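Bear in mind the structure is a predicted one, so any value in this text is a computation, not a measurement. Side-chain atoms are counted along with the backbone in the values below, which use heavy atoms only and exclude waters and symmetry mates. Here is the naming used below: chain letters follow the sequence lines, and residue numbers restart at 1 for every chain.
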Amino acid sequence: MYSSVSKDKSRREAVSALFDEELSTQEAQLIQETIQADGKLKHFHNKIQVLNTGFQSFAPDDAAVKQAQDTVLEHVRRTIRVRPTQIPWWQQSLSLPAPLVAAATVVFVLSVGVFLSQSPLFEAHEIRSASSSLSEFDIGSRNVNVQVNIDSANTDQLLQWLNNQVDTQQVTIQLPDQALFQLRGEPVMLRPELDSESLRIIPMEDYEE
Amino acid sequence: MLNRRDEQAFFNDVYKSAFPVLFRVVLQILRDQETAEEVCHDAFIKLHQHSSTLPDVDQARYWVIRVGKNLAFNLAKRRGRERRAMERVYYEPQQPSRRADQDALEEETIAVVRDAVEKLPRSLRDVIVLKEYGNLPYGEIAKTLGISEGNVKVRVHRARERLTNLLEGVDVQFRE
């Protein structure tokens, strides 16, 4: 019975692949003959056709795509002219040395958001002594730009530190051009629950809400 | 001595190659031309920001299609939440007025199909969207999503099975 179910399943997969023209000539011929002889397979093939008709009926035509392509390109060019991709100098001028600095291969500039409480808000440029440790630095509910020098081998400690900033609502990490490596994709940090101990960096191309 | 590539030419090549696919996918997810153009714009701005990390045109193309697809789905999900919130406030569904003709029936069926796609598990939804909306072959889908071609074939089939089951009992009306 298992082999019969499995055979049926692989035939249905083949019907789907036939529809997408992903079979070899020999395979296509074989499955077409099978479809003609098997009412259930024929029914499934028809259902895929109906579904595909639905998908195609709301697809844009080539002219509409071309027009959109030109419009968006113009918009992209305008945006690139207005919005430089480099980190402005005022975000690179602060320094909070951390004991994890070794080769200083990575520089993160953290722009920390504000926890909406009754705490006073102010923009502060924090400069600490070289002996300050990252773990001792508590952002609290302040709105502050922080530049952290950190060894690339110890980024997990940075994540742990960020996770410990329980009053922090939003963290933006910007990697300056002079960093010796890049983060692939645009990382998005998520905190599913405020009291959760887990913190993840997810590349933008895999991030979905 | 390393040859520095021409980033402008690189971007243009990726844009020309990826835009038609990305736009088709995003438009059919979001169902609105202007919003689809905005999402495509955002995806290509991100490409511009990260292009130096992408080794070649093909990898950049797969990357920007993935990013754009995710941006579109995220926006669609947010809009769904907002619409449901509005419905709760005003105690009636926010639906467009219905015309009693073939066009209306077809539009309704299209909406049902799209809703069904959005209800699929992500692993199946991503594949079927690139196949049916983007018209990509299995090989390209595999490279875009970072899975094997065999996996693509199985997931496309499973997505279709689920969609046809979901639409079972719905009076599907499409023009011949």
* Would the number of heavy atoms belonging to other residues, nucleotides or ligands and lying under 6.0 Å from CD of A/Q29 be above 12? -> no
Looking at B/Y15 and A/Q69, would you say the former's side chain and the latter's main chain have a donor-acceptor pair under 3.5 Å? yes
From the list B/E149, B/K131, B/R31, B/E132, the residue making the most non-hydrogen contacts under 4.5 Å with chain A is B/E132
| message | Please evaluate residues A/D62 and B/R24 with respect to the criterion salt bridge (Lys or Arg N to Asp or Glu O under 4.0 Å), reporting the C-alpha separation (whole Å), side-chain torsions for both, the decisive distance (0.1 Å), and the verdict. | response | CA-CA 10 Å; A/D62 290 346; B/R24 286 193 165 95; 2.6 Å; yes
When the 4.5 angstrom heavy-atom criterion is applied to B/R114 and chain A, the contacting part is side chain
Bottom line for B/E38: the part with an atom under 4.5 Å from chain A's heavy atoms is neither
Atom pairs and distances, side-chain donor-acceptor, residues 18-25 of chain A, under 3.5 Å, sequence neighbours left out:
| from | atom 1 | to | atom 2 | distance (Å) |
| --- | --- | --- | --- | --- |
| A/D20 | OD1 | B/R160 | NH1 | 3.4 |
| A/D20 | OD1 | B/R160 | NH2 | 2.7 |
| A/D20 | OD2 | B/Y138 | OH | 2.4 |
| A/D20 | OD2 | B/R160 | NH1 | 2.9 |
| A/D20 | OD2 | B/R160 | NH2 | 3.4 |
| A/E22 | OE2 | B/Y138 | N | 2.8 |
| A/S24 | OG | A/E27 | N | 3.2 |
| A/S24 | OG | A/E27 | OE1 | 3.3 |

Counting heavy-atom pairs under 4.5 Å with chain A, the top scorer among B/Q28, B/K153, B/E37 is B/Q28
- Message: Run A/E13 and B/R158 through side-chain contact (heavy atoms from CB on, under 4.5 Å) and show every step you take.
- Response: CA-CA 8 Å; A/E13 282 175 13; B/R158 283 183 188 163; 5.6 Å; no
If one checks every heavy atom of B/V64 against chain A at 4.5 Å, the contacting part turns out to be neither
Honestly, the part of B/K16 sitting under 4.5 Å from a heavy atom of chain A is both
Rounding to 0.5 Å, atoms OG1 (A/T79) and CD1 (B/I45) come to a distance of 4.5 Å
Tightest non-hydrogen contact, residues A/A68 and B/F23, listed as CB-CZ, 3.5 Å
What one should report as the nearest heavy-atom pair of B/Q33 and A/A64 is NE2-O, 4.5 Å
* Does the side chain of B/E161 come within less than 4.5 Å of A/S16's, by heavy atoms? -> no
Of all heavy-atom pairs linking B/F44 and A/V76, the shortest is CB-CG2, 4.2 Å
Check: Checking side-chain contact (heavy atoms from CB on, under 4.5 Å) for the pair A/F55/B/V117: CA distance, chi angles, key distance, verdict?
Finding: CA-CA 10 Å; A/F55 282 123; B/V117 168; 3.7 Å; yes
Mind checking whether B/H41 and A/H75 have parallel, tilted or perpendicular rings, split at 30° and 60°? parallel
If one checks every heavy atom of B/N135 against chain A at 4.5 Å, the contacting part turns out to be neither
Item to complete: Please check if atom CD in A/Q67 has more than 12 non-hydrogen atoms from other residues, nucleotides or ligands closer than 6.0 Å.
Response: no
